[in-house]
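Naming convention: chains lettered A, B, ... in sequence-line order (proteins, then strands); numbering from 1 in each chain. Please read all numbers here as calculations on a predicted model, not as lab measurements.
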Amino acid sequence: MACPTGPGQAKACPTKLTLFFERLAHLITNGEYIKDILAREPGAKVAARGWVKTRRDGKGVHFVQLQDGSSAIDLQVVILAGLLPEAVLAAVTTGSSLRVEGTVVASPGPGQPVELRAEAVEVYGPADPATYPLQKKGHTMEFLREIAHLRSRSNTFSAVFRVRNALCYAIHRFFQDNGFVYVQTPLITTLDCEGAGQMFQVTTLDLAATPKTPEGRPDFSHDFFAKPAHLTVSGQLEAEMFAHSFANVYTFGPTFRAENSNTPRHLAEFWMIEPEMAFADLDDNRRLAERFLKAVLAEVMDRCRADLEFFNKRVDNTLLATLANVVENDFVHLPYTEAVRILEEAAAKGKTWEFPVSWGTDLQSEHERHLTEEVFRKPVVVTDYPTQIKAFYMRLNDDGRTVAAMDVLVPRIGEIIGGSQREERLDVLRQRMVGQGLKEEDYAWYLDLRRFGSVPHAGFGLGLERMMMYLTGMKNIRDVIPCPRTPGSAAF
RNA sequence: UCCUCAGUAGCUCAAUGGUAGAGCAUUCGGCUGUUAACCGAAGGGUUGUAGGUUCGAGUCCUACCUGAGGAGCCA
């Protein structure tokens, strides 16, 4: 089996295998996806399975919109009057699940190329139309969020999760095609300070009867891991392990933040992608981020054209133009010092900031929005931030007052990527840890990476759901993940 | 966590401090193959919760709950 695996070679793989899996898919699914039925020639005998979105009745004919999540367009099933017993027809209601055997015929009506002329209908499970909450009319996102177990049947969420699936696939494909190794970093960690915010504690101690130390504090030596443990806020430090053995690696997994953040951009549980490259500096990192975003966007735009057109029509009518603009143009590279100068100039020309700008302070949302939405109108990569506002592991620049950090800012969303070149010099890293009050013994293995074969290396983190918001135009991050977790809310 | 706004029928929303309504959905009936179908009728309410002001509160006041937007924190 000689299948080339180098960059860009994936499409050159033999097609015999692909055909085999296609045949296998039919065996597995005992029917066809609606997406495939819509592409069949008239005359084909098929079996469709799915859920009824709506039903319309004429005098001699019933129309049933059937969907199975595979297509942005429903399958119109035509049931001639008298075909089914009364009881069966009565059970074909919005929300019910069906298997329909029949013949594909050219559709005389607009809206669909072909339709399915039913010959046999089996109702798997009825749905009481009086209590089924999904109507064929538009619903607010807030209402649909309350029925997260059913909202994936709606047009919008069906499209959202098809896009999410395609995005995840494109992300893996980009890294795999470029020789990156997928590494699964731990979700439970005993590193109690990774530079990010509040962590969820993981414990098996009985909270009503916690064993106490002589000082009266909880005695974690009795806990499951014999010390305090938390859910990870980032896989970066562990990814650095594998970057020092596989050169180019990436993580793709869930991440947890216990901050009491109530905004349309924050989740307590979200998915993050973190590539880490050895033998790489900040410029390599910045180029990877840009190439990655463009490649992934282009692939999803190619694979999910119909869904993105749906979002462009119903959610944000500038979406397709924005995405095309990103794919076709170079990102702006803007050192922090230059960004501050632009913002100060804007202030001098009469722009008023709620938070004043000066060198040494972090950029606020209003500043990021000004740069991405008004000055440049496309993604901006801000680099080389002041040392004091960034994490200890970021590499100190020669000027001694900035670090080799980068944030990729995009219009509307703000920061979509945060990354840096890492400090690979043992002595400098130790000094910075002291400066931030971190204990060396807690990071022994991390420092070891600098003792044994240290190399320049860099990486970044991308929030999957923020990327989804950018890609779909959806306004609230809770609507691009199946079961959102936010403060006070972990239903479903 | 702070600031602002909003909670009325299954959903989306009306209602000057004075008898709680519409559209959609649902049910029933009608309708030449419809496609957010159309036409007609019916059922559907402790106005988020608990107090208070008032002759009288969906409406005014207080507290709480829930949701949304903005900010902080961040991806």
Side-chain angles (χ1 to χ4, degrees), chain A residues 53-66 73-81 90 93-95 105-112 115 117 127-147 154-155 194-198 232-236 251 254-274 289 314 354-355 362-366 368-369 389-391 407-410 413-419 460-470 475-481 486-489 491:
Chain A
K53 192 171 281 172
T54 87
R55 168 178 155 185
R56 296 176 295 275
D57 297 313
K59 190 168 193 178
V61 65
H62 310 278
F63 299 97
V64 175
Q65 297 294 128
L66 198 68
I73 304 169
D74 302 326
L75 177 65
Q76 174 161 276
V77 174
V78 180
I79 303 173
L80 295 178
T93 61
T94 302
V105 297
S107 181
Q112 60 279 320
E115 60 192 26
R117 181 70 56 92
D128 179 2
T131 53
Y132 184 66
L134 265 182
Q135 300 169 10
K136 60 180 129 186
K137 292 281 184 180
H139 287 295
T140 59
M141 293 299 148
E142 291 79 13
F143 173 69
L144 290 170
R145 220 170 281 150
E146 291 169 10
I147 51 165
S154 69
N155 286 333
E194 294 187 357
Q198 289 287 111
T232 185
V233 293
S234 164
Q236 179 208 313
T251 73
T255 305
F256 308 89
R257 303 274 169 94
E259 232 110 40
N260 193 2
S261 294
N262 293 285
T263 85
R265 301 179 303 282
H266 288 89
L267 289 168
E269 176 183 295
F270 63 99
W271 286 65
M272 191 151 66
I273 296 98
E274 296 173 291
R314 305 287 275 271
E354 190 183 341
F355 296 89
D362 208 355
L363 301 182
Q364 303 294 317
S365 289
E366 57 175 341
E368 295 179 355
R369 294 184 80 114
I389 58 172
K390 288 293 181 182
D407 285 355
V408 178
L409 312 177
V410 296
I413 312 294
E415 183 181 343
I416 196 169
I417 279 179
F460 60 79
L462 167 88
L464 178 69
E465 286 77 16
R466 293 227 175 135
M467 180 80 181
M468 276 294 295
M469 292 172 76
Y470 195 56
K475 306 283 186 296
N476 193 311
I477 201 166
R478 293 158 215 174
D479 298 328
V480 295
I481 189 167
T486 53
S489 172

From the set B:rG10, B:rG72, B:rU12, return the single nucleotide nearest to any side-chain atom of A:Thr140. B:rU12
Table of protein N/O atoms under 3.5 Å from nucleotides 40-45 of chain B N/O atoms:
none

With respect to the side chain of A:Asp362, which nucleotide from B:rC74, B:rU1, B:rU12 is positioned closest? B:rC74
Contact list (N/O, under 3.5 angstrom) for nucleotides 66-68 of chain B vs protein:
| residue | atom | partner | partner atom | Å |
| --- | --- | --- | --- | --- |
| B:rA68 | OP1 | A:Arg145 | NH1 | 2.5 |
| B:rA68 | OP1 | A:Arg478 | NH1 | 2.7 |
| B:rA68 | OP2 | A:Arg478 | NH1 | 2.9 |

Base, sugar-phosphate or nothing for A:Thr255? Non-hydrogen atoms, less than 4.0 Å. nothing
Does any donor-acceptor pair link the side chain of A:Glu259 with the base of B:rG72 at a separation under 3.5 Å? no
Just by protein heavy atoms under 4.0 Å, how would nucleotides 2-9 of chain B read 5' to 3' in B, S and -? --------
Any chance you could list the contact pattern along nucleotides 26-38 of chain B? Use B for base contacts, S for sugar-phosphate-only contacts and - for none, protein heavy atoms under 4.0 Å, 5' to 3'. SS----SBBBBB-
Regarding B:rC74, can its base be found pairing with the side chain of A:His266 as donor and acceptor, where the two atoms are less than 3.5 Å apart? yes
Sugar-phosphate only, base, or nothing, as touched by A:Leu267 at under 4.0 Å among non-hydrogen atoms: base
Give the dot-bracket string for RNA chain B, reading 5' to 3', where a pair is Watson-Crick or G-U wobble with both distances under 3.5 Å, ( ) marks pairs inside the strand, [ ] marks pairs crossing earlier ones, | marks a partner on another strand, and . marks unpaired. (((((((..((((....[..)))).(((((.......))))).....(((((..]....))))))))))))....
Is the base of B:rC73 touched by the side chain of A:Ser261 through a donor-acceptor pair closer than 3.5 angstrom? yes
Which residues pass the side-chain hydrogen bond (donor to acceptor under 3.5 Å, both in side chains) test with A:Ser107, not counting sequence neighbours? A:Gln112, A:Glu115
